[in-house]
Amino acid sequence: MGRKVIIATKNKGKAKEFEALFSKFNLEVLTLLDIENAPDVEETGATFEENAVLKAEAISRFTRSIVVADDSGLVVDALDGRPGIYSARYAGEEKNDEANINKLLSELKDVQQEERTARFYCALAVAIPEEETLVVAGKCEGLIMNERRGTNGFGYDPVFYVPSLEQTMAELSSEQKNSISHRANALKNLQPLIERIFAKR
Ligand SMILES: O=P(O)(O)OP(=O)(O)OP(=O)(O)OC[C@H]1O[C@@H](n2cnc3c(O)ncnc32)[C@H](O)[C@@H]1O
Ligand SMILES: [Mg+2]
């Protein structure tokens with residue numbers, strides 16, 4: 001089939017998850033890792049949703065295709081919601097997962113276990129040429145550990161504990177993560193719209 005979707009991300013961890021999550025839709029899936037000269041989109045919005053729309057619409061204008069963008073992050077209650085929309089650049093502009101986790105653990109070092117509640121949040125925007133952009137969201141609740149556990153996934157996964165599975169996100173297989181993650185939950189909310197989005201293409 002000639003149906004194609006471009007995922008507006010340069011994050012390899014996200015790209016891999018989207019390839020798996022979209023595999024059931026019978027679409028060709030490309031990411032910005034496959035496309036040359038894609039513009040860098042500044043994330044100047046005040047919310048995950050605004051940033052997802054900025055990324056999706058800019059890349060849709062550039063490619064003239066249907067584009068899905070993900071803006072996501074970690075929201076920690078004891079830190080008044082930080083790092084939130086700044087999750088990728090929490091410890092500095094150069095985006096370093098290792099440094100971000102170090103900073104998070106140090107900010108939480110005096111916070112007791114039961115107060116370490118947090119959630120991953122994901123806003124997905126779908127920009128469709130000549131149509132209005134759609135936005136959905138999903139989340140996943142958990143606790144921030146005192147130390148890293150596991151080597152799968154990316155970003156804050158090694159310190160994000162999922163109570164129902166008694167494992168960190170980084171200890172889950174990709175199939176397990178893709179059944180419970182904020183990204184998977186956002187995509188579940190998009191699923192009823194997918195056939196209509198691609199119907200005319
Ligand atoms: O903007 P793009 O190119 O998509 O890539 P990015 O890494 O900059 O992505 P965001 O701006 O959406 O920032 C998301 C950050 O939140 C964190 N994050 C998001 N989803 C995550 C997940 O599933 N597991 C662990 N950390 C995650 C991680 O630090 C990401 O870099
Ligand atoms: Mg980003």
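When reading the values below, keep in mind they use all heavy atoms of this one structure, side chains included, and skip hydrogens, waters and symmetry mates. In this chain, residues are counted from 1 in sequence order. Both counts, for ligands and for their atoms, begin at 1 and track the order of listing.
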Q) Which N, O or S atom name in Glu43 marks its closest approach to the Mg ion (ligand 2)? A) OE2

Q) What protein heavy atom is closest to atom 24 (N) of ligand 1, reported as residue, atom name and distance in Å? A) Asp157 OD1, 2.7 Å

Q. Could you give the distance from CD (Glu131) to CD1 (Ile66), rounded to the nearest 0.5 Å?
A. 8.0 Å

Q: Return yes when Asp71 approaches ligand 1 closer than 4.0 angstrom through a heavy atom, no otherwise.
A: yes

Q. Transitively linked via ILVMFWY side-chain contacts under 4.5 Å: Val159 with Leu79?
A. yes

**Q.** Any N/O pair Asp97/ligand 1 closer than 3.5 Å
**A.** no

Q. Does atom NZ of Lys188 have more than 12 heavy-atom neighbours, drawn from other residues, nucleotides or ligands, at distances under 6.0 Å?
A. yes

Q. Which residue and non-hydrogen atom of the protein lie closest to atom 3 (O) of ligand 1, and at what distance in Å?
A. Lys10 N, 3.0 Å

(Q) Side chain or backbone, does Asn100 bring an N or O within less than 3.5 Å of an N or O on ligand 1? (A) no

**Q.** Heavy atom of the protein closest to atom 29 (O) of ligand 1 (residue, atom name, distance)
**A.** Tyr156 CE1, 3.2 Å

Q) Where does the angle between the aromatic ring planes of Phe25 and Phe22 fall among parallel (under 30°), tilted (30 to 60°) and perpendicular (over 60°)? A) perpendicular

Q | Under 3.5 Å donor-acceptor, Asn100 side chain and Lys95 backbone | A | no

Q. Would a 4.5 Å heavy-atom cut-off, applied to side chains only, mark Arg183 and Ser72 as touching?
A. yes

Q: With the side chain counted from C-beta on, respond yes when Met145 and Gln113 share a heavy-atom pair under 4.5 Å apart, and no when they do not.
A: no

Q: Give the residue and atom name of whichever protein heavy atom lies nearest to atom 31 (O) of ligand 1, and the separation in Å to one decimal.
A: Ala88 CB, 3.4 Å

Q: For Ser87, take its heavy atoms, then give the atoms of ligand 1 lying under 4.0 Å from any of them.
A: 15 (C), 16 (O), 29 (O)

Q. Considering only protein heavy atoms, which is closest to atom 7 (O) of ligand 1, and at what distance to one decimal place?
A. Asn11 ND2, 2.9 Å

Q) Between Ser72, Gly153, Ala15, which one has a non-hydrogen atom sitting closest to atom 14 (C) of ligand 1? A) Ser72

Q) Heavy atoms only: which of Arg183, His182, Arg89, Lys95 is nearest to atom 6 (P) of ligand 1? A) Lys95

Q. Just by distance, do the side chain of Lys55 and the backbone of Thr9 share a donor-acceptor pair under 3.5 Å?
A. no

Q) Roughly how far, to the nearest 0.5 Å, is the CD1 atom of Ile6 from the CZ atom of Phe62? A) 9.0 Å

**Q.** Residue Lys177 vicinity, atoms of ligand 1 by number, heavy atom under 4.0 Å
**A.** 22 (C), 23 (O), 24 (N)

Q: Quick one: sort the His182 and Phe120 rings into parallel, tilted or perpendicular, breaks at 30° and 60°.
A: parallel

Q: Could you check atom 18 (N) of ligand 1 against the protein and tell me its nearest heavy-atom contact, residue, atom and distance included?
A: Phe154 CE1, 4.1 Å

Q. Do Thr133 and Ile128 touch side chain to side chain, with heavy atoms closer than 4.5 Å?
A. no

Q) Side chain, backbone, both or neither: which part of Met169 has a heavy atom under 4.0 Å from ligand 1? A) neither

Q) How many angstroms lie between atom CZ of Arg119 and atom CG of Leu143, to the nearest 0.5 angstrom? A) 10.5 Å

Q) What are the atoms of ligand 1, with element, lying closer than 4.0 Å to any heavy atom of Gly155? A) 25 (C), 26 (N)

Q: Give the atoms of ligand 1, by number and element, whose distance to some non-hydrogen atom of Lys55 is under 4.0 Å.
A: 1 (O), 2 (P), 4 (O), 10 (P), 11 (O), 12 (O)

Q | Protein contact of atom 2 (P) of ligand 1 - nearest heavy atom, named by residue and atom, plus distance | A | Thr9 OG1, 3.5 Å

Q. Within 45° of the six-membered ring axis of Tyr121 and under 6.0 Å from that ring's centre, is NZ or CZ of Lys139 located there?
A. no

Q. Any N/O/S of Asp71 under 2.8 Å from the Mg ion (ligand 2)?
A. no

Q) Heavy atom under 4.0 Å from ligand 1: found in Phe120's side chain, backbone, both, or neither? A) side chain

Q. Nearest protein heavy-atom contact for atom 10 (P) of ligand 1: which residue, which atom, what distance?
A. Lys14 NZ, 3.5 Å

